[in-house]
Amino acid sequence: MTDQLFYEDVEVGHRLPELTVTVDEKQLFFFSAATYNGHRIHYDKDWARTVEGYDDVLVHGPLQAALLGRAIGDWVGGRGRLVSFSVQNRAVAHPGQPLSFGGTITAKRLSDEGAGLVDLDVAGRRGETVLMPGTATVELPRRGTPREADR
């Protein structure tokens, strides 16, 4: 278990720890099933190649967004919370490719209620290729505040 990150611990320009994941075809199948996504481009190689024109099946955009959300959630810890999250799909990823998810702090401020808000530029990448750029705002607990006040 890691220590809780606090608002006072972060500065503009700091980078989130990067989460690297290599998605496999079994994960794609289960994600399709769990999300009721029957598009064959995510689990049928022949379809993806012959009908859609891709080299292989594709990693779902929502799965990539979920992995990016996981990277943010791991970073903010149990007392942090995701306030806003917005991404765009810009490029494709295939199973077996290492994908990385992370971001950079672009601003920090206190809300009118005194909550510690941190703005992020986030992205999912395949090597140098940005697959999914986006932004997020998180709330981090402040040092010296009671746990109940952080909710």
Q: Rounded to the nearest 0.5 Å, how far does NZ of K108 lie from CG of L120?
A: 12.0 Å
Q: Under 3.5 Å, is there a donor-acceptor pair between the side chain of R126 and the main chain of A91?
A: no
Q: How close do T104 and G13 get, heavy atom to heavy atom, and via which atoms?
A: CG2-O, 3.7 Å
Q: Hydrophobic clusters here meaning ILVMFWY residues chained together by side-chain heavy-atom distances under 4.5 Å, can you tell me if V92 and L28 are in one?
A: no
Q: Verify the cluster assignment for W75 and L82: are they in a single hydrophobic cluster under the rule of side-chain heavy atoms below 4.5 Å apart?
A: yes
Q: I'd like to check D119 versus T135 (side-chain heavy atoms, cut-off strictly below 4.5 Å). Are they in contact?
A: no
Q: Looking only at non-hydrogen atoms, find the nearest pair between G61 and N89 and report the distance.
A: CA-ND2, 3.4 Å
Q: Is L117 linked to F6 within one hydrophobic cluster, defined over Ile, Leu, Val, Met, Phe, Trp and Tyr using a side-chain heavy-atom separation of less than 4.5 Å?
A: no
Q: Do F31 and V23 land in one hydrophobic cluster if side-chain heavy atoms of ILVMFWY residues count as linked below 4.5 Å?
A: yes
Q: Between H42 and L58 (side chain of the first, backbone of the second, donor and acceptor by atom type, cut-off under 3.5 Å), is there such a pair?
A: yes
Q: Can you check whether E52 reaches D44 side chain to side chain, under 4.5 Å on heavy atoms?
A: no
Q: Would you check if the side chain of Y43 reaches a backbone N or O of G38 as a donor-acceptor pair within less than 3.5 Å?
A: yes
Q: Quick one: does T35's side chain get under 4.5 Å of P62's, heavy atoms only?
A: no
Q: Flag the pair V76 / L5 as yes when at least one side-chain heavy-atom distance between them is below 4.5 Å, and no otherwise.
A: no
Q: Write down the atom of V10, the atom of H14, and the distance for their closest heavy-atom approach.
A: CA-ND1, 3.7 Å
Q: Which pair of heavy atoms, one from V138 and one from V83, lies closest together, and at what distance?
A: C-CG2, 4.0 Å
Q: Run the side chain to side chain contact (heavy atoms under 4.5 Å, CB included) check on R109 and T137 step by step: do they pass?
A: CA-CA 11 Å; R109 64 192 184 287; T137 298; 4.2 Å; yes
Q: In the structure I gave you, are the side-chain heavy atoms of D74 and P17 within less than 4.5 Å of one another anywhere?
A: no
Q: Are side-chain N/O atoms of S32 and H60 paired as donor and acceptor at under 3.5 Å?
A: yes
Q: If only atom types and distance count, is the side chain of Q64 paired as donor or acceptor with the main-chain N or O of V59 below 3.5 Å?
A: yes
Q: Where is the tightest heavy-atom contact between V21 and R70, given as atom of each residue plus distance?
A: CG2-NH1, 4.5 Å
Q: What's the separation between atom CG in L67 and atom CD in Q27, rounded to the nearest 0.5 Å?
A: 8.0 Å
Q: Supply the atom-to-atom distance F101 CZ to I72 CD1, rounded to the nearest 0.5 angstrom.
A: 11.0 Å
Q: Hey, are the side chains of L68 and F85 touching, using non-hydrogen atoms and a 4.5 Å cut-off?
A: yes
Q: Hey, quick one: are W47 and Y54 part of the same hydrophobic cluster, counting side-chain heavy atoms closer than 4.5 Å, chains of contacts allowed?
A: no
Q: Using 0.5 Å steps for rounding, measure from the OG atom of S84 to the CD atom of E139.
A: 11.5 Å
Q: With side chains defined as the heavy atoms from C-beta onward, is the minimum distance between V118 and Y7 less than 4.5 Å?
A: yes
Q: So which atom in E25 and which in P95 form the shortest heavy-atom distance, rounded to 0.1 Å?
A: CG-CG, 3.8 Å
Q: State whether R125 and E18 are salt-bridged, where the test is any N-O pair (Lys NZ or Arg NE/NH1/NH2 against Asp/Glu carboxylate O) under 4.0 Å.
A: no
Q: Given 3.5 Å as the limit, does a donor-acceptor pair link the side chain of R143 with the main chain of D9, or not?
A: no
